[in-house]
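Read through the structure below, which is laid out as structure tokens, and then see the notes.
Indexing begins at 1, ligand by ligand and atom by atom, following the structure's order. Just so we're clear, the structure is a prediction, and the values are computed from it rather than from any experiment. Numbers here simply count residues along the sequence, with the first being 1.
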Amino acid sequence: QAKQEGKDSYIVFQSAMHTQAVALLELENDLRRAIERQEFQLYYQPIIDLNTHQIRSFEALVRWFHPERGLVPPSDFIPLAEDTGLIIPMGYGLLREACQQLQQWQQLAPAPLSVCVNIASRQFAHADFVNYLQQILTEIPLPPGSLKLEITEGVIMKRPDLVADKLAQLKDLGVQLSVDDFGTGYSSLSYLQTFPVDTLKVDRSFVMKMGHPDSREIVKTIVTLAHNLGLDVVAEGVETQAQAQLLKAMGCEYAQGYHFARPMEPDAVLSLLGTKDQRSVPHPAL
Ligand code: C2E
Ligand code: MG
Ligand code: MG
Ligand code: MG
């Protein structure tokens, strides 16, 4: 009896694995097709200067409009795109798209504007990454400093030996560098001294819990650390006015989150940039 049950649950387990494997394969096929058919679109979320309330930058966030499944969030396909290597062609396309978009906006909005593009680990590690970026920037010249790449601590710490060289080459291209999800990765901070990083993005998980003194203290420490090292700080995931006020009081200059604006289509950005109160997001007072 026991043996039979064991056998049954083994079969159940095996068939669940099989279902999962098939689903994954299907998603991989869909992903390949999606790249060919350009089913991806970048949305853009404003990054706000907490003192002037003006838009300083936009983070480009990919959206996949799947013909049958509808909107698939990045967390459901970026990991698979990394595992399969599809992140390389996909990431290149998105990088070019973001640069083109920024160039268009800069022609419309005279004040300096930048765009932040997320770079996956495998994409950053790709041998042709710097060459390709250089090609894009030759084709689409942008003012120095107006393209920012967001990488996580994990990307930096994976191969610190290779990374130093790569980051230096990127800086030579006039690209700025942000450490995304700061505080969630590695405990070592020494890389901040070694590598030419410009900005720290405080992870949403700390901002979310800022009602608690411990999280507030962590955010404050990150803000102070950044400033002492001469870096900018952006707080991610600001959802309430209370959070915005606390951040401002701590001296954090930049914030991003639903309190100000959600990621939006390029057209919505255009109308935002075109409003009379140019380049500031309509939102409840800080
Ligand atoms: P991330 O780079 O840390 O991006 C911030 C995420 O927080 C975005 O989720 C954004 O929509 C969300 N967010 C912004 N404000 C708020 C808020 O106030 N509350 C809450 N709850 N969430 C907020 P999204 O767009 O789903 O992207 C998730 C992650 O997927 C990104 O995290 C990034 O790691 C990755 N990703 C997104 N687009 C790309 C891309 O084009 N390339 C690569 N390689 N990765 C991307
Ligand atoms: Mg990011
Ligand atoms: Mg982030
Ligand atoms: Mg995050």
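Between R204 and D180, no side-chain nitrogen of the basic residue sits less than 4.0 Å from a carboxylate oxygen of the acidic one, so the salt-bridge criterion is not met. Between K148 and E59 there is no salt bridge, since no side-chain nitrogen of the basic residue lies less than 4.0 Å from a carboxylate oxygen of the acidic one. No salt bridge links D214 with K209; every basic N to acidic carboxylate O contact stays at or beyond 4.0 Å.
Geometrically, ligand 1 and Q45 share a nitrogen or oxygen pair separated by less than 3.5 Å. Inclusion of V62 in the set of residues having an N or O under 3.5 Å from an N or O of ligand 1 is warranted. Polar contact with ligand 1: present for E59 (N/O pair, distance under 3.5 Å).
Taking all heavy atoms of W64, F77, Y258 into account, the minimum distance to atom 16 (C) of ligand 1 is reached by Y258. Remark: among candidates E239, E236, E150, R63, the nearest residue to atom 19 (N) of ligand 1 is E239, based on non-hydrogen atoms. Among G91, C116, S121, P74, the residue whose heavy atom sits closest to atom 28 (C) of ligand 1 is P74.
In this structure a side-chain-to-backbone donor-acceptor pair under 3.5 Å is present from Q106 to L113. With hydrogens and angles disregarded, no donor-acceptor distance shorter than 3.5 Å links the side chain of D198 to the backbone of Q176. Judged purely by atom type and a 3.5 angstrom limit, D49 uses its side chain to pair as donor or acceptor with the backbone of T52. Counting only distance, with no hydrogens or angles, the side chain of R216 and the backbone of G211 share a donor-acceptor pair below 3.5 Å. Within the 3.5 Å criterion, the main-chain N or O of H212 finds no donor-acceptor partner in the side chain of S215.
With a 6.0 Å cutoff to the six-membered ring centre and a 45° limit on the axis angle, K166 does not count as a cation-pi contact of F129.
The local environment of CD in E139 is crowded, with over 12 non-hydrogen atoms from other residues, nucleotides or ligands closer than 6.0 Å.
Against a heavy-atom cut-off of under 4.0 Å, A120 is close to the following atoms of ligand 1: 44 (N). Near G257, meaning under 4.0 Å from any of its heavy atoms, are these atoms of ligand 1: 15 (N), 18 (O).
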Output a table of donor-acceptor pairs, distance under 3.5 Å, between side-chain atoms of residues 35-43 and any protein atom two or more places apart or on a different chain; print 'none' if there are none.
unit_1	atom_1	unit_2	atom_2	d
E39	OE1	W64	NE1	2.9

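Every heavy atom of Q256 sits 4.0 Å or more from the atoms of ligand 1. Assignment of S75 to the shell around ligand 1 is not supported, since no heavy atom sits closer than 4.0 Å. Within the structure, the closest approach of P263 to ligand 1 falls below 4.0 Å when heavy atoms are considered.
The side-chain contact (heavy atoms from CB on, under 4.5 Å) search around Q243 returns V207, M210, V238, E239, T240, not counting sequence neighbours.
Within the structure, side chain to side chain donor-acceptor pair (under 3.5 Å) pairs that include any residue of residues 71-83 do not occur (at least two apart or interchain).
Using a 4.0 Å cut-off between heavy atoms, L94 contacts ligand 1 through its side chain alone, with no backbone atom that close. The proximity of N118 to ligand 1, defined as any non-hydrogen pair under 4.0 Å, involves the side chain as well as the backbone. Residue V238 touches ligand 1 through its backbone alone, judged by heavy-atom distances below 4.0 Å. With a 4.0 Å heavy-atom cut-off, ligand 1 is reached by no atom of D203. Neither the backbone nor the side chain of H259 has a heavy atom within less than 4.0 Å of ligand 1.
Checked options H126, Q123, E97; the residue passing with Y92 is H126 (criterion: side chain to side chain donor-acceptor pair (under 3.5 Å)).
Protein N/O/S atoms closer than 2.8 Å to the Mg ion (ligand 2): E59 OE2, N118 OD1, E150 OE1, D180 OD2.
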